[in-house]
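First up is the structure itself, then whatever we jot down about it.
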Amino acid sequence: MHRFNVFPVDVWVRRVMNELYIKNEDETKVKRQEIENFANKTYGDLAGMAQQYLFYWKRETA
């Protein structure tokens, strides 16, 4: 679909983003908007590509 800037957030993405970057003791309290803002700031137009790698890494190492 060529939308590399879209950063979908599900439970696995929330876990990996919290584990690597946000570091909130209770990952369920991390807001989707906080994750999206961080991803867009950090990864820019390739946030969606980064999301795919992070999702895969977390699923394979969980």
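The basis for the numbers below is simple: all heavy atoms, side chains too, and nothing from hydrogens, waters or symmetry mates. Worth saying up front: this structure is predicted, and the values here are computed from it rather than measured.
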Problem - Partner set under salt bridge (charged side-chain N to carboxylate O under 4.0 Å, His left out) for R59, not counting sequence neighbours - result: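 R59: no salt bridge (charged side-chain N to carboxylate O under 4.0 Å, His left out) contacts found.
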Problem - Non-hydrogen atoms of V13 and D10 that approach each other most closely - result: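 What the structure gives for the nearest pair is N-OD1, 2.9 Å.
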Practice task
Search all heavy atoms of F7 against all heavy atoms of A47 and return the closest pair with its distance.
Solution key: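 Heavy atoms only, the tightest pair is CD1-O, 3.0 Å.
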Looking at [atom1] of [X] and [atom2] of [Y], how far apart are the two atoms once the value is rounded to the nearest 0.5 Å?
| X | Y | atom1 | atom2 | value |
| --- | --- | --- | --- | --- |
| M49 | Y43 | CE | OH | 13.0 Å |
| F55 | R15 | CZ | CZ | 10.5 Å |
| M17 | K23 | CE | NZ | 11.5 Å |
| K31 | N37 | NZ | CG | 12.0 Å |

Exercise for the section: For I22, enumerate each residue passing the side chain to side chain contact (heavy atoms under 4.5 Å, CB included) test, keeping only those at least two apart in sequence or located in another chain. Expected result: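 By the side chain to side chain contact (heavy atoms under 4.5 Å, CB included) rule, I22 matches N18, N24, V30, E34, I35.
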Problem - Heavy atoms from other residues, nucleotides or ligands near CG of D26 exceed 12 (cutoff 6.0 Å) - result: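 Counting neighbours around CG of D26, more than 12 heavy atoms of other residues, nucleotides or ligands fall under 6.0 Å, so yes.
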Exercise for the section: Spell out, yes or no, whether L20 and W12 are grouped together once hydrophobic residues are joined by side-chain heavy atoms under 4.5 Å, including indirect joins. Expected result: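 Yes; tracing contacts between hydrophobic side chains, which count when under 4.5 Å, links both residues.
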Exercise for the section: With sequence neighbours excluded, tell me which residues meet ring pair (Phe, Tyr, Trp, His ring centres under 6.0 Å) with Y56. Expected result: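 Scan of Y56 (ring pair (Phe, Tyr, Trp, His ring centres under 6.0 Å), adjacent residues dropped) gives none.
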Problem - Carboxylate-amine/guanidinium contact R32 E36, below 4.0 Å - result: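 Counted as a salt bridge, because a side-chain N and a carboxylate O are separated by less than 4.0 Å.
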Exercise for the section: Mind telling me whether F38 and Y21 have parallel, tilted or perpendicular rings, with 30° and 60° as the class edges? Expected result: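 Because their plane-to-plane angle lies in the 30° to 60° range, the rings of Y21 and F38 count as tilted.
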